[in-house]
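For reference, the structure is listed below as structure tokens.
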Amino acid sequence: MTLAVTITDPLAGRRDHEPIVFSVTADLPHALWWARDDAGNRVLCQRLTQAKPGETRFVATISFVGRLRLTMNEPCDPASVDISGLKVLEGREADCFVRLDTGAFDLELCSGTARGLGSSKWGVRHFRSLLDDFELLPSGNNAMGGFYGPFFTPENGLINPPEHTTVNIETLECGPVLHHYRMHGTIPDGLLDELKGKRFSIDWVFTYGTPFFQRRYWVDPFQTVINGRSVANKITVGDEFEGGNGKLVFDRFAAYGGTRYRAGDPYAGELVAMVADTVTNSPSQSRKFEEFRSHLSDIESAHWDLYWRLFCKWEGVLGENELRDRLARVRAAAHVKADLTDRRWVLTDQPVDVSAVEHETIFPGPADKTVEFDEATGRAMIWWTSEPSGAFQIVQRRQSGWVNWGSNGENECPELPVGVQIKTAYGYFADRWQAVADQLEIAPIVRAE
């Protein structure tokens with residue numbers, strides 16, 4: 001019996017280590033198989049654990065243009081041949097769950113420590129391109145993959161969730177072609193009763209040689225009000241990058257089809273003002289408040305996370321009544337300022353120089369394909385979401401070198417539906433990022449023969 005599949009690309013252009021999942025109508029027990037392509041080249045196929053009775057599912061990563069046929073050839077004995085594939089490396093962080101050499105990236109997936117520090121975050125804490133040896137998260141004090149609103153907002157009195165909770169991570173698939181991990185966590189209780197006791201999970205998929213990775217977020221059902229709007233099962237996902245003081249990893253942002261945005265972040269300004277007022281005028285006399293007062297004596301040079309932590313119920317710096325009062329005042333002022341007519345909407349087909357606008361922040365409107373890139377080098381990070389996010393917050397803060405991509409609108413209002421698939425690509429894609437984004441969206445068609 002011939003076991004074969006044909007892969008057809010509906011798009012023009014080359015696919016680079018594209019992950020292809022396919023099934024054959026046979027029970028093939030070996031974990032690895034060799035397939036042959038049209039030219040007779042061997043392609044490594046990894047058996048996946050979940051399949052229908054009478055079928056076997058495989059994954060392979062292939063590079064091709066237009067069309068390719070794979071024919072299952074024979075089992076692969078990993079002991080008898082040197083196999084190229086995903087490699088597990090020694091981790092650098094104490095909470096490292098796995099550090100992977102994917103063939104495209106060197107990345108470290110961490111479980112977090114819940115100590116309230118930048119270095120406590122779960123998610124991808126290091127991310128280095130193997131093409132040019134460039135590290136996007138060198139310090140380990142920031143992370144890709146955190147999720148925030150509506151749980152971690154001023155309304156709920158919880159801030160920076162990857163810093164204030166940990167995750168358990170299970171391995172669902174582990175082979176030379178594909179690793180699949182699932183994070184499990186419980187969100188700390190904040191001020192809002194309807195958001196208490198909620199759990200979440202996140203699926204991460206990495207494949208060999210592929211210049212992108214995949215993830216999906218699941219959260220217990222919820223409904224609340226953020227920024228005066230009903231929010232049901234929508235979240236903020238945040239990816240952070242760091243270039244160091246005065247250096248930006250990415251200095252431009254664009255959305256597919258044109259960027260519609262408003263510049264500036266009034267909420268951030270109100271928060272900073274409240275930090276200054278609290279440090280000077282709060283009646284709190286707790287030891288922890290005095291510790292924060294010392295750290296925030298020079299607000300301009302203090303780490304941004306300290307602003308959030310001061311107003312976080314989890315930290316216990318302020319009593320709950322004072323916390324509620326001060327956050328309510330921040331929200332009320334920010335809600336008014338966010339919608340004043342002097343903050344005009346800008347419509348442009350050109351990439352936005354985010355660090356040149358007020359607060360080095362923009363809030364773009366709905367999109368499903370977005371990019372941040374470095375104009376000088378062409379390095380680019382591209383995001384595709386299987387449903388559009390209703391808004392984004394993009395920060396490119398040159399003074400600190402901190403860059404952020406977040407799926408929220410103003411005043412921390414979450415806009416990405418729960419359960420959406422996210423593909424994130426990285427490479428020298430700035431001059432063709434739209435074509436790469438199209439490939440993230442439109443996968444090749446796989447037909448069994």
Side-chain angles (χ1 to χ4, degrees), residues 117-119 121 124-129 132-144 146 148 160 236 238-255 259-273 275-276 295-296 298-308 334 337-338 343-344 346 348 350-364 370-383 391-410 412 424 426-431 433:
L117 306 172
S119 59
K121 297 176 181 179
V124 174
R125 288 251 293 284
H126 291 285
F127 190 95
R128 179 172 64 90
S129 168
D132 60 3
D133 199 38
F134 187 81
E135 168 71 75
L136 300 178
L137 292 162
S139 76
N141 289 329
N142 291 291
M144 298 175 64
Y148 301 84
N160 278 339
T236 296
D239 289 348
E240 301 174 300
F241 313 98
E242 55 186 41
N245 292 344
K247 302 175 184 177
L248 289 174
V249 171
F250 306 121
D251 60 11
R252 294 294 186 275
F253 170 85
T259 307
R260 283 77 176 117
Y261 70 95
R262 292 199 299 183
D265 186 2
Y267 163 70
E270 290 300 320
L271 180 64
V272 171
V275 170
H295 289 318
L296 290 164
D298 182 0
I299 290 180
E300 292 301 319
S301 63
H303 194 289
W304 179 252
D305 284 355
L306 282 173
Y307 299 175
W308 291 106
K337 288 188 175 181
R343 295 184 61 236
R344 299 182 181 276
V346 178
T348 180
Q350 299 301 310
V352 182
D353 180 358
V354 179
S355 67
V357 307
E358 187 178 13
H359 301 134
E360 299 167 295
T361 302
I362 63 171
F363 289 93
T370 56
V371 65
E372 293 196 64
F373 67 87
D374 179 57
E375 190 173 48
T377 64
R379 287 192 304 267
M381 188 73 76
I382 303 163
W383 292 264
F392 297 87
Q393 180 176 10
I394 306 300
V395 183
Q396 295 175 356
R397 190 168 289 135
R398 188 173 295 277
Q399 182 176 353
S400 64
W402 187 70
V403 172
N404 180 70
W405 176 93
S407 63
N408 61 284
E410 299 207 38
E412 304 297 325
T424 308
Y426 175 72
Y428 286 94
F429 299 141
D431 61 345
W433 78 266

Correct closest heavy-atom pair for R379 and V249 would be NH2-O, 3.9 Å

So among Q393, R262, K337, which one has a side chain to side chain donor-acceptor pair (under 3.5 Å) with E410? R262

Nearest heavy-atom pair of V275 and L296: which atoms, and what distance? CG1-CD1, 4.0 Å

Taking the side chain as every heavy atom from C-beta outward, state whether N245 and K247 have any atom pair closer than 4.5 Å. no

Which atom of S407 lies closest to which atom of T236, heavy atoms considered: OG-CA, 3.4 Å

Contact between Y261 and V352 at the side-chain level, heavy atoms closer than 4.5 Å - yes or no? yes

E375: partners by salt bridge (charged side-chain N to carboxylate O under 4.0 Å, His left out), with sequence neighbours left out: R252

Do you know which of W433, F134, F373, F241 makes ring pair (Phe, Tyr, Trp, His ring centres under 6.0 Å) with F250? F241

Is there a side chain to side chain contact (heavy atoms under 4.5 Å, CB included) between R397 and T361? Walk through the geometry before answering. CA-CA 8 Å; R397 190 168 289 135; T361 302; 4.3 Å; yes

The reported gap from CG in N404 to CG in D239 (rounded to nearest 0.5 angstrom) is 8.0 Å

Smallest heavy-atom separation, G409 atom then F363 atom, equals O-CE2, 3.5 Å

Considering non-hydrogen atoms only, spot the tightest contact between A263 and V357 and give its length. CB-CB, 3.8 Å

Please determine which of Q396, E360, E242, E240 meets the side chain to side chain donor-acceptor pair (under 3.5 Å) test together with W402. E240

Are R398 and D251 packed together at the side-chain level, in the sense that at least one heavy-atom pair is separated by less than 4.5 angstrom? yes

Apply side chain to side chain contact (heavy atoms under 4.5 Å, CB included) to I362 and F392, showing your working. CA-CA 8 Å; I362 63 171; F392 297 87; over 6 Å; no

For a 4.5 angstrom cut-off between non-hydrogen side-chain atoms, does E372 reach V354? no

Would R343 and E358 satisfy salt bridge (Lys or Arg N to Asp or Glu O under 4.0 Å), going step by step from the backbone distance to the final call? CA-CA 10 Å; R343 295 184 61 236; E358 187 178 13; 5.8 Å; no

Would you say the side chain of L136 lies within less than 4.5 Å of the side chain of Y426, judging by non-hydrogen atoms? yes

Under the 3.5 angstrom rule, does the side chain of R125 hit a backbone N or O of S119 as a donor-acceptor pair? yes

Sequence neighbours left out, what passes side chain to side chain donor-acceptor pair (under 3.5 Å) with T370? Give chain and number order. W405

Where P351 and A254 come nearest, the two heavy atoms and their spacing: CA-CB, 4.2 Å

Passes side chain to side chain contact (heavy atoms under 4.5 Å, CB included), F429 versus V371? Steps please. CA-CA 10 Å; F429 299 141; V371 65; over 6 Å; no

Would you mind reporting whether Y428 and D132 have side-chain heavy atoms less than 4.5 Å apart? yes

